[in-house]
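These notes are about the structure you will find just below.
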Amino acid sequence: MIPESVVKYQHEIWKAIGETFVMVGISITAAVLIGLPLGTLLYLFRRGQRYQNRPLFTILGSLVNIIRSFPFLLLVVFMIPFTRLIVGTSIGTLAATVPLSVIAIAYYARLVEQALLDVPKGVVEAASSMGASTIQLVVKFLYVEARSSLVLGLTTATISFISYSTVMGIVGGGGVGDFAIRYGYQRFETEIMVFTIIIMIILVQMIQFTGSRLSRWLDRRS
């Protein structure tokens with residue numbers, strides 16, 4: 001039986017779930033559109049690779065490391081001026097997606113780099129011997145060979161983004177975590193707290209299950 005307090009706030013719960021999906025969805029999109037190419041560049045600029053370039057590798061690598069080393073809560077506060085510049089405000093769900101997207105890009109870039117480094121050198125050598133261009137090397141060889149790892153990496157990153165989204169109430173971003181704090185913790189509604197935790201667990205399990213199944217399917221196609 002659903003607790004009365006949960007029924008009472010069902011509208012707010014659905015709104016919070018929607019806000020979480022918006023924040024995580026935009027951050028995932030940013031991770032794929034920017035983090036994937038960034039991780040690929042880190043791989044290509046690394047020593048021993050086709051376009052090895054120590055200065056560029058150091059600059060990009062340091063930038064990614066700096067972003068990832070920031071405690072996320074401090075990153076959110078630090079980026080408030082930038083967030084206001086990008087979306088015109090520092091409060092709300094859309095504003096919350098800016099720091100979340102930045103950490104998503106840096107986080108996934110490293111996972112992409114690692115996935116590409118795990119590709120056997122023979123694949124790269126075969127592509128080069130066939131005269132493959134850089135685009136062909138990346139799209140038709142590296143991404144194809146690393147597709148299973150890339151999906152698993154994105155799955156892991158998505159789960160982390162959900163965790164990060166729970167603290168976005170500091171900029172009025174809303175979401176399930178913010179709802180749990182405001183309606184559960186601050187109002188001493190234990191049932192609300194438990195219910196929102198269950199929602200988060202179910203959401204994470206669904207994402208992990210889907211990502212793992214897709215990764216195994218892609219791996220069998222290799």
Side-chain angles (χ1 to χ4, degrees), residues 13-14 16-44 46 64-65 67-69 72 75 93 96-97 99-124 126-127 137-168 173-180 193-222:
I13 291 174
W14 283 112
I17 292 174
E19 291 168 342
T20 296
F21 272 108
V22 169
M23 288 187 288
V24 175
I26 292 177
S27 64
I28 291 173
T29 302
V32 173
L33 295 181
I34 303 177
L36 180 61
L38 178 58
T40 305
L41 289 176
L42 285 171
Y43 169 83
L44 292 174
R46 178 179 283 272
V64 168
N65 289 338
I67 293 174
R68 293 183 64 207
S69 65
F72 184 63
L75 179 66
T93 302
T97 63
L100 198 58
S101 295
V102 169
I103 193 68
I105 291 168
Y107 189 90
Y108 190 54
R110 279 301 184 197
L111 294 178
V112 169
E113 180 192 15
Q114 185 57 56
L116 297 182
L117 285 172
D118 289 338
V119 174
K121 291 185 178 180
V123 173
V124 179
L137 169 65
V138 171
V139 175
K140 295 185 177 181
F141 291 89
L142 292 175
Y143 286 171
V144 172
E145 190 70 24
R147 59 194 175 192
S148 179
S149 297
L150 291 174
V151 169
L152 275 180
L154 187 61
T155 301
T156 301
T158 302
I159 292 173
S160 297
F161 304 158
I162 292 174
S163 176
Y164 288 140
S165 73
T166 60
V167 301
M168 295 313 299
V176 176
D178 180 53
F179 172 81
M193 287 285 290
V194 173
F195 186 76
T196 51
I197 290 173
I198 292 174
I199 290 176
M200 297 295 284
I201 291 175
I202 293 174
L203 183 59
V204 167
Q205 292 299 320
M206 289 175 58
I207 292 172
Q208 185 65 63
F209 175 79
T210 303
S212 297
R213 289 294 296 270
L214 179 58
S215 175
R216 285 198 296 269
W217 180 73
L218 290 173
D219 196 39
R220 286 199 297 269
R221 293 189 62 191
S222 299

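Small disclaimer: the values here were computed from a predicted structure and weren't measured.
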Next item on the list: Would you mind reporting whether Asp118 and Gln114 have side-chain heavy atoms less than 4.5 Å apart?
Entry: yes
Notebook entry, point to check: Which atom names give the shortest non-hydrogen contact between Val24 and Leu100, and what distance separates them?
Noted result: N-CD2, 4.4 Å
Notebook entry, point to check: Can you find a pair of side-chain heavy atoms, one from Leu154 and one from Tyr108, that are under 4.5 Å apart?
Noted result: yes
Notebook entry, point to check: Roughly how far, to the nearest 0.5 Å, is the CG atom of Leu44 from the CG atom of Leu116?
Noted result: 8.0 Å
Margin query: For a quick test of reading the model, state the closest non-hydrogen atom pair linking Thr97 to Met23 and the distance between them.
Written below: CG2-CA, 3.8 Å
Margin query: Can you confirm whether Tyr143 sits close enough to Thr40 that some side-chain heavy atom of one is under 4.5 Å from a side-chain heavy atom of the other?
Written below: yes
Margin query: With rounding to the nearest 0.5 angstrom, report the CG to CD distance, Leu152 to Gln208.
Written below: 7.5 Å
Note to self: Working to the nearest 0.5 angstrom, can you tell me the gap between Trp14 CH2 and Ile199 CD1?
What the structure shows: 7.5 Å
Note to self: Would you compute the distance between atom CD of Glu145 and atom CG of Leu150 and round it to the nearest 0.5 angstrom?
What the structure shows: 11.0 Å
Check: Roughly how far, to the nearest 0.5 Å, is CD1 of Ile207 from CD1 of Ile159?
Finding: 6.0 Å
Margin query: Tell me the closest heavy-atom pair linking Ser101 and Ile26, and the distance in Å.
Written below: OG-CG2, 3.8 Å
Next item on the list: Identify, with sequence neighbours excluded, every residue that meets side-chain hydrogen bond (donor to acceptor under 3.5 Å, both in side chains) alongside Thr155.
Entry: none
Checklist line | Heavy-atom closest pair, residues Leu137 and Ala127 | finding: CD1-CB, 3.6 Å
Notebook entry, point to check: Listed by chain and number, what are the ring pair (Phe, Tyr, Trp, His ring centres under 6.0 Å) partners of Tyr164, not counting sequence neighbours?
Noted result: Phe72
Item checked: By side-chain hydrogen bond (donor to acceptor under 3.5 Å, both in side chains) - contacts of Ser160 (at least two apart) -> Tyr107
Check: Can you check whether Gly211's main-chain N or O pairs, donor with acceptor, with Ser215's side chain at less than 3.5 Å?
Finding: no
Notebook entry, point to check: Can you name the side-chain hydrogen bond (donor to acceptor under 3.5 Å, both in side chains) partners of Glu113, sequence neighbours left out?
Noted result: Arg46, Arg110
Next item on the list: Give a yes or no answer on whether the side chain of Ser165 reaches the backbone of Ile162 with a donor-acceptor pair at less than 3.5 Å.
Entry: yes
Just list the side-chain donor-acceptor pairs under 3.5 Å for residues 31-39, sequence neighbours left out, or say none.
none

Check: Is there a side-chain contact between Tyr43 and Val119, using heavy atoms and a 4.5 Å cut-off?
Finding: no
Next item on the list: Looking only at non-hydrogen atoms, find the nearest pair between Ala104 and Ser27 and report the distance.
Entry: CB-O, 3.5 Å
Item checked: Results of side-chain hydrogen bond (donor to acceptor under 3.5 Å, both in side chains) for Gln205 - residues two or more places apart only -> none
Item checked: Euclidean distance, Ile103 CD1 relative to Leu75 CG, rounded to 0.5 Å -> 5.5 Å
